[in-house]
Amino acid sequence: RAKANRQGMYCFYEPKMDQSEEMRLAMELDLRQALAKDQLEVFYQPIAEISSGKTIGYEALVRWLHPVRGYISPAIFIPMAEEIGLITAIGEWVLRRACSDAANWSDTVSISVNVSTVQLKYGHIARTVEGALESSGLAPSRLILELTESALVGDNADTLKILTELKRFGVCLALDDFGTGYSSLSYLRNFPFDKVKIDKSFIDEINDNPDCLAIVEAIVRLCGILKMGTTAEGVETQAQLDLLASIGCELVQGYLIGRPMPLNAPSGPDRPHVSAA
Ligand code: C2E
Ligand code: MG
Ligand code: MG
Ligand code: MG
């Protein structure tokens, strides 16, 4: 495909780029069929309370099992789904599946579901959430919707209206990947978030980089003052967990606690000893 460059002249992709462009188009075609062909799955990753060590919830993470390529990361196909207008359908499917799965767990266990910025802006998210809660029978207080900061740039009045509507259902709102992107402290003040998830990139370095530790500590304290809980993402080592405990971080999620796993895995959410925690 030819593309206009800045000067308005046409330049052509190198053969190598043609190939990857072709691959992308093929993948998009496959993605359009993925839902109908039942190739999407929801994995669940535990979130634990540091003080008690108990699993208090799970994050739903979508997986695409491609018939030829195997598992494809959501980091690849979610942006693609956003681009080609599939995210609303995929997001609704994940939400419904996660809510109906979680409705069978212990009623002290919460379920976190990622909501794309595109869904929030164009996807009738309030109606979707209402429908998923109704059909699953899940108590709204057990549902946490995770949004990234990118959802908050742009028309703030519109976004605030939608978030307020969601809060009225009784669901919780979490600010995901905090510290990356456009991080603005005014988001914490202007939008009704209940929780903040501190991005993995900060957690990665807390034991080696005093600046990183200072930032994480400041976020935890600020959120404490604003009555918001903090979750540390991507915790992989005991040393990270110990440090997070010492600065008063409330919740942790990461490979140290558990990897994302299918519902019926030996230690998955549907095993009584875990869901009863
Ligand atoms: P996220 O919401 O920040 O989810 C956390 C990601 O970090 C997940 O990647 C998880 O598997 C990974 N992770 C958790 N603990 C660790 C750890 O200790 N070490 C390492 N290296 N990684 C860890 P995943 O499942 O590949 O998902 C990537 C992103 O894709 C998610 O980031 C989220 O933004 C998006 N995503 C996933 N499922 C959905 C969905 O249903 N809807 C939407 N809109 N986005 C989704
Ligand atoms: Mg998330
Ligand atoms: Mg996250
Ligand atoms: Mg993240």
Side-chain angles (χ1 to χ4, degrees), residues 31 34-35 39-48 55 57-65 70-102 110-123 125 128-129 132 143-151 172-181 183 193-207 216 219 229-241 244 251-263 265 268:
L31 186 56
L35 257 185
Q39 293 166 354
L40 297 185
E41 295 171 30
V42 179
F43 277 32
Y44 295 97
Q45 184 177 33
I47 299 170
T55 295
Y58 292 87
E59 178 172 5
L61 294 160
V62 68
R63 298 288 180 263
W64 178 16
L65 184 52
Y71 278 109
I72 297 176
S73 164
I76 292 174
F77 75 83
I78 291 287
M80 195 177 262
E82 287 173 336
E83 226 172 277
I84 62 179
L86 288 177
I87 191 62
T88 302
I90 291 177
E92 176 164 5
W93 181 84
V94 173
L95 184 70
R96 285 181 170 268
R97 170 56 55 85
C99 288
S100 66
D101 283 346
S110 67
I111 178 70
S112 297
V113 180
N114 294 286
V115 174
S116 151
T117 299
V118 177
Q119 266 178 292
L120 194 79
K121 295 210 191 295
Y122 309 104
I125 188 66
T128 304
V129 168
L143 177 62
I144 300 164
L145 300 174
E146 295 193 359
L147 310 168
T148 58
E149 288 157 346
S150 62
C172 288
L173 300 179
L175 186 49
D176 201 358
D177 299 338
F178 187 71
T180 61
S183 284
F193 286 102
D194 306 283
K195 288 163 176 290
V196 165
K197 298 187 79 168
I198 306 169
D199 192 64
K200 177 178 183 301
S201 55
F202 293 100
I203 308 306
D204 283 343
E205 293 187 52
I206 50 170
N207 291 95
V216 172
I219 296 173
T230 38
T231 307
E233 290 189 324
V235 177
E236 295 181 343
T237 67
Q238 186 64 43
Q240 288 171 333
L241 181 62
L244 288 163
L251 305 172
V252 279
Q253 179 179 357
Y255 294 171
L256 180 70
I257 291 91
R259 289 184 178 250
M261 58 211 156
L263 186 64

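All ligand and atom numbering here is 1-based and tracks the order in the structure.
Counting only N and O atoms by type, the side chains of Tyr44 and Asp101 include a donor and acceptor under 3.5 Å apart. No side-chain donor-acceptor contact under 3.5 Å links Asp204 and Gln240.
Between Leu251 and Lys195, the closest side-chain pair of non-hydrogen atoms falls below 4.5 Å. In this structure the side chain of Asp177 never reaches within 4.5 angstrom of the side chain of Lys197, judged on heavy atoms. Contact of the Gln253 side chain with the Val235 side chain is not registered, since no non-hydrogen atoms from C-beta on lie closer than 4.5 Å. Lys200 places none of its side-chain heavy atoms less than 4.5 Å from the side chain of Glu205.
In plain terms, the two heavy atoms of Gln119 and Glu92 that are nearest each other are NE2-N, 4.0 Å. Taking all atoms of both residues into account, the shortest heavy-atom contact from Met261 to Pro46 is CE-CD, 3.9 Å.
Protein atoms that are N, O or S and lie under 2.8 Å from the Mg ion (ligand 2) are these: Glu59 OE2, Asn114 OD1, Glu146 OE1, Asp176 OD2.
By the criterion of a heavy-atom distance under 4.0 Å, neither the backbone nor the side chain of Lys197 is placed next to ligand 1. Residue contacts with ligand 1, taken as heavy atom pairs separated by less than 4.0 Å, do not involve Arg259 at all.
Under the 4.0 angstrom criterion for non-hydrogen atoms, Arg63 is in contact with ligand 1. Distances from ligand 1 to the non-hydrogen atoms of Glu236 include at least one value under 4.0 Å. At least one heavy atom of Lys200 sits closer than 4.0 Å to an atom of ligand 1. Using a 4.0 angstrom heavy-atom cutoff, Pro260 counts as in contact with ligand 1. Residue contacts with ligand 1 include Glu59, since one of its heavy atoms falls under 4.0 Å from the ligand.
Legend: residues meeting side chain to side chain contact (heavy atoms under 4.5 Å, CB included) with Ser100, ordered by chain and number and at least two apart, are Ser136.
For ligand 1, the atoms closer than 4.0 angstrom to any heavy atom of Val94 are 41 (O). Set against the non-hydrogen atoms of Ser116, the atoms of ligand 1 under 4.0 Å away are 44 (N). Interface atoms of ligand 1 facing Gly234, defined by a heavy-atom separation under 4.0 Å, are 15 (N), 16 (C), 17 (C), 18 (O).
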Q. Hey, mind stepping through Tyr71 and Glu41 against side chain to side chain donor-acceptor pair (under 3.5 Å) and telling me if it holds?
A. CA-CA 10 Å; Tyr71 278 109; Glu41 295 171 30; 3.1 Å; yes
Q. Could you walk me through whether Thr231 and Val196 pass the side-chain contact (heavy atoms from CB on, under 4.5 Å) check?
A. CA-CA 6 Å; Thr231 307; Val196 165; over 6 Å; no
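Of the options Asp177, Asp176, Leu61, the smallest heavy-atom separation from atom 10 (C) of ligand 1 is shown by Leu61.
Among the atoms of Asn114, some N or O lies under 3.5 angstrom from an N or O of ligand 1. Annotation: Val62 places an N or O atom under 3.5 Å from an N or O atom of ligand 1; distance criterion only.
Judged by distance alone, the side chain of Ser112 and the main-chain N or O of Glu59 form no donor-acceptor pair under 3.5 Å.
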